[in-house]
Novice: 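Handing you this structure, nothing more for now.
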Amino acid sequence: MNVFRLTGDLSHLVAIILLLLKIWKTRSCAGISGKSQVMFALVFTTRYLDLFTNFISPYNSVMKVIYLGCSYATVYMIYMKFKASYDGNHDTFRAEFLIIPVGGLAFLVNHEFTPLEILWTFSIYLESVAILPQLFMITKTGEAETITTHYLFALGLYRALYLINWIWRYYFEGFFDLIAIVAGCVQTILYCDFFYLYITKVLHGKKLSLPA
Amino acid sequence: EQDKERKDEL
């Protein structure tokens, strides 16, 4: 474990908790893409199947349980509890256009052709594009609540920190995983446009609004 | 070995 991975995990945790609190406190999921949240729940489910069979450390197990619990709680709140506030008209990104190609790619490009490994690879590829419906929704609505932009910033930052973690691990441990690195680069690049808007607008106290 | 190592990441 190195400081970049630890801060990356904490940034990820902050993002997930921030979103959960936003929906819970405002009792509304306006501006939140349910499709992205369903894909994140799918990412954690397919990635943490070894939760009970492969114990790494208390930290690792606790974080996996928290990620799984929070992501399912978020999906539950969006599609059940606060369904009335779900903005389905703007959450129109075709998620199947992501899940199917990602599923196919996981079969073709992986480290080992075993169910667990293919599911892990699927979760890595899916996570890299899972935020697209959310970013797409923001372009449709032309704006985002400030709390939502903080959520997105923390979420984007987490994988950027993981990229530094992989550089660190390559340099000091000679460890690298090309699938995770390439997907991590794609994932972080997708946030660049948002990062620019976040830093130039939200951090200057302005609301994030896109030229509609 | 490599896989074992990697699986320690979230």
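Here is how names work: the chains are called A, B, and so on, in the same order as the sequence lines, proteins then strands, and each is numbered from 1. The structure displayed is predicted, hence computed values, not measured ones.
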Novice: Can you tell me how far OH of A/Tyr59 sits from CG of B/Asp8, rounded to the nearest 0.5 angstrom?
Specialist: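 If we round to the nearest 0.5 Å, B/Asp8:CG and A/Tyr59:OH are 10.5 Å apart.
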Novice: Do B/Lys7 and A/Asp177 have side chains that approach each other closer than 4.5 Å (heavy atoms only, starting at C-beta)?
Specialist: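 Not in contact.
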Novice: Assess whether atom OH of A/Tyr196 is packed by more than 12 heavy atoms of other residues, nucleotides or ligands within 6.0 Å.
Specialist: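 12 or below, so no.
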Novice: Measuring heavy-atom distances to chain B, does A/Asn60 have an atom under 4.5 Å in its side chain, in its backbone, in both, or in neither?
Specialist: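 Backbone plus side chain of A/Asn60, per the 4.5 Å heavy-atom cut-off to chain B.
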Novice: Given a strict heavy-atom distance threshold of 4.5 Å, which part of A/Phe44 is in contact with chain B: side chain, backbone, both, or neither?
Specialist: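 Neither part, no heavy atoms under 4.5 Å.
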Novice: Could you walk me through whether B/Glu9 and A/Arg169 pass the salt bridge (Lys or Arg N to Asp or Glu O under 4.0 Å) test, one step at a time?
Specialist: CA-CA 12 Å; B/Glu9 290 187 345; A/Arg169 290 190 79 179; 2.8 Å; yes
Novice: Taking the side chain as everything from C-beta on, heavy atoms only, tell me whether B/Leu10 gets closer than 4.5 Å to A/Lys64.
Specialist: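 Yes, their side chains come closer than 4.5 Å.
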